[in-house]
Participant: 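Below are the structure tokens for one structure; questions will follow.
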Amino acid sequence: MALDVTDQKLIKGIVFFAVLGLTVYFWPFEAPWPGLQTQAQKTDLTIQELRKVREKYIKQYPPVREAVWGSEDSEATSGASGTPTEERKKEYHHDVTDKHTLIQSYQASNRMDFAAWTEVPAEETLPGFYFAREFQKKRLVLNEECRRADVQLLDPEVGFGAYGGGTEMQLSRARELLRELFIAEMIVKLCVRSKQQQEKAEKDAGKQREAFMRIVRIAPEKSYASGPFVRKLNPRYDPKETNPRSDKFNKHIVVSMSKFIQMYPVQIVLQCDPNSFMRFLYAVRQEQGQFLVIQNLDMISPLIRDSTADQSELERLQALVPEGDQEVNENRIWVRMSAAGMDFFDPAKGSLDAAKGAPSGTFGERKPKKDRTPVKAGGH
């Protein structure tokens with residue numbers, strides 16, 4: 001039976017749409033659009049990747065609908081669980097506040113609590129004169145305390161002999177010296193207290209007196225800013241480089257981060273018995289607000305005199321003691337170290353003590369800024 005024209009058009013239409021459907025499904029190219037088979041494969045791969053992420057997600061966040069992970073889900077959209085963004089923001093700000101409070105507590109426990117007299121009064125017009133007056137008072141008191149405790153202070157100027165007694169100085173310089181004086185005073189008092197405590201312990205135990213403390217040298221130094229360091233991979237590292245001075249030699253480099261700590265170091269040399277020195281080390285961290293950082297600690301035993309190789313260290317230290325007093329007791333040690341107090345500042349503001357409203361910059365003298373106001377032609 002022959003097909004009429006209508007049947008022929010119907011068959012041709014069916015064949016056309018069949019070919020079109022197969023082409024759309026198996027289309028192997030990305031342009032002008034990917035085939036349905038390709039899209040299905042990509043969907044399966046995406047679901048597999050989501051399932052990998054799911055294991056980490058569910059450990060930290062509330063559960064979500066299974067449809068999010070590509071699985072069939074019959075739950076209504078309105079029933080999906082989760083946490084609103086505003087609540088997440090509140091949690092974030094609360095966490096930041098807690099961490100800020102924790103940082104402040106750490107700073108408070110490590111910051112040197114400088115006494116009120118280390119701040120030049122606002123009504124004082126001569127900062128240098130104020131420092132000279134405070135220095136003389138502290139010097140006399142410290143020498144008297146050492147005398148009463150039988151602690152030998154070989155430097156009656158407590159490290160400020162080079163100061164010279166001048167009163168002409170800027171406020172920033174006076175403030176620096178006052179803080180140095182505070183650290184030096186605290187170290188001398190800790191030495192006196194340590195020796196007295198050891199002396200009392202020996203007396204209570206009925207032991208022979210061995211407590212001894214001699215402050216051979218005390219030298220306050222200029223404060224400096226410090227901060228953390230981080231160890232990073234050296235991008236210029238070359239394993240074939242053999243020159244240790246080359247910037248390609250080391251696999252890692254140490255990078256300095258923002259400085260936010262102001263250090264006030266004082267170098268000291270002591271001759272004392274080991275027990276008194278142990279009490280000194282314990283005392284530097286015993287009271288909040290009186291925290292000292294011990295750096296570059298060297299201890300030398302008098303038995304170094306038996307060395308047949310090198311006795312230069314002991315000889316250099318003994319040279320600091322006045323002539324005629326060079327006797328060395330084998331039960332005493334020589335100690336050389338740096339004890340530093342710390343203060344904190346905001347690195348963004350450049351202040352040494354932002355909490356007290358100190359001016360930005362460092363204690364170094366700052367030059368006044370030049371006037372850059374443009375001058376009008378013909379003006380005065």
Side-chain angles (χ1 to χ4, degrees), residues 30-114 224-237 251-263 285 287-289 291 293 341-362:
E30 293 291 334
W33 57 77
L36 294 177
Q37 185 184 42
T38 303
Q39 294 184 35
Q41 292 174 349
K42 288 184 176 180
T43 301
D44 292 338
L45 291 175
T46 303
I47 292 175
Q48 294 177 11
E49 292 297 326
L50 282 173
R51 287 175 179 172
K52 295 179 181 178
V53 176
R54 181 178 184 274
E55 300 301 322
K56 299 179 181 179
Y57 182 91
I58 60 178
K59 294 179 181 179
Q60 302 182 22
Y61 300 97
V64 296
R65 292 178 51 192
E66 288 298 321
V68 174
W69 310 112
S71 302
E72 294 183 1
D73 187 3
S74 59
E75 294 182 14
T77 305
S78 60
S81 59
T83 304
T85 305
E86 289 301 323
E87 291 188 17
R88 284 293 183 192
K89 287 183 178 179
K90 290 181 181 179
E91 293 177 1
Y92 168 76
H93 290 300
H94 184 268
D95 186 56
V96 170
T97 302
D98 287 346
K99 284 184 170 55
H100 183 67
T101 303
L102 184 62
I103 291 173
Q104 287 183 325
S105 66
Y106 284 150
Q107 288 185 349
S109 62
N110 293 282
R111 167 182 275 140
M112 179 57 62
D113 188 12
F114 290 99
Y224 63 92
S226 180
F229 296 86
V230 62
R231 188 167 176 257
K232 294 184 176 181
L233 289 172
N234 184 0
R236 297 177 56 83
Y237 173 68
K251 186 175 182 179
H252 295 87
I253 55 177
V254 178
V255 180
S256 175
M257 301 180 69
S258 296
K259 298 179 179 179
F260 62 96
I261 305 173
Q262 194 74 12
M263 304 291 292
R285 301 189 178 190
E287 298 181 14
Q288 183 169 339
F291 182 86
V293 180
M342 294 190 301
D343 203 354
F344 300 90
F345 62 91
D346 186 347
K349 298 179 180 179
S351 173
L352 290 178
D353 196 352
K356 296 182 180 179
S360 61
T362 64

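Quick note: residue numbers are just sequence positions, from 1.
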Participant: Using the side chain to side chain donor-acceptor pair (under 3.5 Å) criterion, which residues pair with His252? Sequence neighbours excluded.
Facilitator: Arg231

Participant: Suppose we screen for side-chain contact (heavy atoms from CB on, under 4.5 Å). Which residues come up paired with Val96, at least two apart in sequence or across chains?
Facilitator: Tyr92

Participant: Apply side-chain contact (heavy atoms from CB on, under 4.5 Å) to the pair His93 and Lys90, showing each step before the final yes or no.
Facilitator: CA-CA 5 Å; His93 290 300; Lys90 290 181 181 179; 6.0 Å; no

Participant: Between Pro228 and Ile261, is there a side-chain heavy-atom distance shorter than 4.5 Å?
Facilitator: no

Participant: For Ser256, enumerate each residue passing the side-chain contact (heavy atoms from CB on, under 4.5 Å) test, keeping only those at least two apart in sequence or located in another chain.
Facilitator: Phe229, Lys259

Participant: Using the salt bridge (charged side-chain N to carboxylate O under 4.0 Å, His left out) criterion, which residues pair with Lys99? Sequence neighbours excluded.
Facilitator: Asp95

Participant: Who pairs with Glu87 by side-chain contact (heavy atoms from CB on, under 4.5 Å), at least two apart in sequence or on another chain?
Facilitator: Thr83, Pro84

Participant: Considering residues at least two apart in sequence or located in another chain, which fulfil the side-chain contact (heavy atoms from CB on, under 4.5 Å) criterion with Tyr224?
Facilitator: Ser226, Met263, Pro265, Gln295

Participant: Rounded to the nearest 0.5 Å, what separates atom CG in Asp343 from atom CE in Met112?
Facilitator: 9.5 Å

